[in-house]
2 protein chains.
Amino acid sequence: MKTKNKVITIDGIDKKILRALMADARTPILEIARNVGISGAAIHQRLRKLEKAKLITGSKFIIDPKVLGYTTMAFMGLYLDNSVNNETIFRELKKIPEVVECHYTTGQWNIFIKVLCYNNEHVMHLLNNKIQTIVGVLRTETLISLDKQIDRQIKI
Amino acid sequence: MKTKNKVITIDGIDKKILRALMADARTPILEIARNVGISGAAIHQRLRKLEKAKLITGSKFIIDPKVLGYTTMAFMGLYLDNSVNNETIFRELKKIPEVVECHYTTGQWNIFIKVLCYNNEHVMHLLNNKIQTIVGVLRTETLISLDKQIDRQIKI
DNA sequence: AGTGAAAGTGGATGTGG
DNA sequence: CCACATCCACTTTCACT
């Protein structure tokens, strides 16, 4: 069990700062300062506060996997053998670079993952040679994402 | 139909640059320059090349929704009425801030979405008052993510 | 919480190899 | 493709309010 995270409240200025940086992590602090009408140093303090509260967990360049040839996104539901420890499965899944998300879920499957592949053949290979060979994985179901229409963070 | 994206190849230096910036979008270019052993100006040129190729699609501050109280993540599979246009559904879903991902998928459902909620009650409210009221949505199935173990970008 | 100033660093660009 | 040099803008910190 993880320790409980405190829920924090943020004001309008924090929201403006976050919205700017969530849209573009390299937005100059001074530019934000000019837009919200306070000094750069004040923005700094607020950012430190937000980082300390762990609301900001980092910043990332976002790349488009399609440009590297990863044109096929798929979701897979995994049925597991009751006798196997989830942690073992997670450890194996983390080793597979194509697996970009992994959830322990309610419902028909035990584990639900998102994968990125070059094409359907790659999906097949991944299933046969990587996923299905993990000890404890009994059966899988695959959904192909034909079109990703929304992909965003929670609205601030 | 979108226009076809060209698949590009990147060399070892590009990979190092991308890995640094994918981990932390605010990594100074000069720091990367020192690490890979070429000048800052060269890094600049390569970044422009990668942006031009649309491999880099932007940069974002990543926030942890849990700290704002969004402790419940769920996936929902939507069954649609054949007579309704998908675009109409996408448009409605985009208006719902809790919906952070939306895919048109193969398999039992027509549309598959990811949502962020405060709690199970919020999930229920979302289903009853937002999702199920969209014209064309016949039925839904919901999976709750009890634990997110992996959430990353494709490995470079 | 916020300001303002000061010192250091980094971003961006043009010239030339 | 890359280095070097330059200029300007931005980050970061601190004393003060």
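Numbers restart at 1 for each chain; the letters A, B, ... are given by sequence-line order, proteins then strands.
Contact of the I10(B) side chain with the L68(A) side chain is registered, since non-hydrogen atoms from C-beta on lie closer than 4.5 Å.
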TODO: In sequence, state the C-alpha distance, the side-chain angles, and the governing distance for N35(A) and K16(A), and then conclude on side-chain contact (heavy atoms from CB on, under 4.5 Å).
DONE: CA-CA 9 Å; N35(A) 287 338; K16(A) 283 185 182 174; over 6 Å; no
- [ ] Report the C-alpha distance between M76(B) and V123(B) in whole Å, list the side-chain angles of each, state the deciding distance to 0.1 Å, and finish with yes or no for side-chain contact (heavy atoms from CB on, under 4.5 Å).
- [x] CA-CA 10 Å; M76(B) 297 177 183; V123(B) 174; 4.0 Å; yes
Task: side-chain contact (heavy atoms from CB on, under 4.5 Å) between L93(A) and I131(A), intermediate numbers included - done: CA-CA 8 Å; L93(A) 288 171; I131(A) 309 288; 4.1 Å; yes
- [ ] Take E98(A) and Y118(A) through the test side-chain contact (heavy atoms from CB on, under 4.5 Å) and record every step on the way to the result.
- [x] CA-CA 10 Å; E98(A) 289 94 338; Y118(A) 292 122; over 6 Å; no
Task: Derivation and outcome, side chain to side chain donor-acceptor pair (under 3.5 Å), residues E121(A) and N119(A) - done: CA-CA 5 Å; E121(A) 195 181 350; N119(A) 47 40; 4.8 Å; no
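Across the protein-nucleic acid pair, K52(A) atom NZ and dA1(C) atom C1' stand 14 Å apart, rounded to whole Å. Regarding H44(A), its NE2 atom lies at a distance of 14 Å from the C1' atom of dT3(C), rounded to whole Å. Rounded to whole Å, atom C1' of dT13(D) lies 15 Å from atom CG of L47(A). The distance between atom CD1 of I43(A) and atom C1' of dA9(D), rounded to the nearest whole Å, is 16 Å. As a whole-Å value, the separation of E51(A) CD from dT11(D) P is 13 Å. In this structure, R46(A) places its CZ atom 17 Å from P of dT11(D), rounding to the nearest Å. Across the protein-nucleic acid pair, K49(B) atom NZ and dA12(C) atom C1' stand 19 Å apart, rounded to whole Å.
For the residue pair E87(B) and N85(B), no side-chain donor N or O sits within less than 3.5 Å of a side-chain acceptor on the partner.
Between F112(B) and F75(B), the ring planes lie parallel to each other; the angle is under 30°, not in the 30° to 60° tilted range. Ring geometry, Y70(B) versus H122(B): the interplanar angle falls from 30° to 60°, so the pair is classed tilted.
Within the 4.0 Å cut-off from OP1 or OP2 of dT12(D), not a single side-chain nitrogen or oxygen of R48(A) is found.
Looking at E92(A) and K95(A), a side-chain N of the basic residue comes within less than 4.0 Å of a carboxylate O on the acidic one, giving a salt bridge.
Near DNA chain D, defined here as any heavy-atom distance below 4.0 Å, the residues from residues 26-40 of chain A are P28(A), I29(A), L30(A), R34(A), listed numerically.
Rounded to 10°, the angle separating the first-five-pair axis and the last-five-pair axis of the helix from dA1(C)-dT17(D) to dG17(C)-dC1(D) equals 40°.
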Which atom pairs link the protein and nucleotides 14-17 of chain C when you take only N or O atoms and keep those under 3.5 Å?
none

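With rounding to the nearest 0.5 angstrom, the CG atom of L116(B) is 9.5 Å from the CD atom of E101(B).
Across dA1(C), dA3(D), dT3(C), the shortest atom-to-atom separation from the side chain of A42(B) is found for dA3(D).
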